[in-house]
Amino acid sequence: QVQLVESGGGLVQAGASLRLSCAAAGRTFSTYSMAWFRQAPGKEREIVAAISWRDGSTYYADSMKGRFTISRDNAKNTVYLQMDVLKPEDTAIYYCAAWFSSRILTREDEYGYWGQGTQVTVSS
């Protein structure tokens, strides 16, 4: 079993930056994919970015490229999402997800472990 705990959300003004953290605890392996998803009010959950724990390769949804950066700290079992130049449309609950895989997973139904989510609100 893997537990994921997100932190770093909050209320910010447009143009600001935030860094989300997701700490993994419990039974962890060297080969798994971790990702950030988000769900805005009234919308479906969508992927933001994903990273391979094995080699650090990354994936970004097209609309997220350029402002969001996903990274990992192997020693801390933590994945980060750096969000810059935030916009009101980035307002959502951000979820961390993980699953065992040697490749990057990009679909919601491919992930079996989820965090509780952290709220990000961007005011105009």
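Computed from a predicted model, the values in this text were never measured in an experiment.
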Passing option when Tyr95 is tested against Gln116, Glu108, Arg45 for side-chain contact (heavy atoms from CB on, under 4.5 Å): Arg45
Could you list all the disulfide (SG to SG under 2.5 Å) pairs where at least one residue sits in [range], not counting sequence neighbours?
| range | answer |
| --- | --- |
| residues 58-92 | none |
| residues 81-124 | Cys22-Cys96 |
| residues 48-79 | none |
| residues 56-85 | none |

Side chain to side chain contact (heavy atoms under 4.5 Å, CB included) evaluation trace for Glu6 with Tyr94: CA-CA 8 Å; Glu6 302 106 331; Tyr94 285 71; over 6 Å; no
All ring-ring contact (aromatic ring centres under 6.0 Å, His included) counterparts of Phe37, not counting sequence neighbours: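 Partners of Phe37 by the ring-ring contact (aromatic ring centres under 6.0 Å, His included) criterion, ordered by chain and then number, come out as Tyr111, Trp114.
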Indicate every side-chain donor-acceptor pair of residues 98-105 with a distance under 3.5 Å to a residue at least two apart or in another chain.
from	atom 1	to	atom 2	distance (Å)
Ser101	OG	Arg103	N	3.1
Ser101	OG	Arg103	O	2.9
Arg103	NH2	Glu110	OE2	3.2

Under the salt bridge (Lys or Arg N to Asp or Glu O under 4.0 Å) test, residues paired with Lys43 that sit two or more places apart: none
Counterpart residues, side-chain contact (heavy atoms from CB on, under 4.5 Å), relative to Asp55 (two or more places apart):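 Only Ser52, Ser57 meet the side-chain contact (heavy atoms from CB on, under 4.5 Å) criterion with Asp55.
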With sequence neighbours excluded, residues passing side-chain contact (heavy atoms from CB on, under 4.5 Å) with Thr78: Ser21, Ala23, Lys76, Tyr80
Polar side-chain atom of Arg54 near backbone of Thr31 as donor-acceptor pair, under 3.5 Å: no
Partners meeting side chain to side chain donor-acceptor pair (under 3.5 Å) with Arg67 (sequence neighbours left out):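 Testing Arg67 for side chain to side chain donor-acceptor pair (under 3.5 Å), a comparison that skips the adjacent residues, returns Asp90.
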Counterpart residues, side chain to side chain donor-acceptor pair (under 3.5 Å), relative to Thr121 (two or more places apart): Gln119
Using residues 82-89 as the side-chain source, report each donor-acceptor pair under 3.5 Å to any protein atom, sequence neighbours left out, with the distance given to one decimal.
from	atom 1	to	atom 2	distance (Å)
Gln82	NE2	Asp84	OD1	2.9
Asp84	OD1	Ser17	OG	2.8

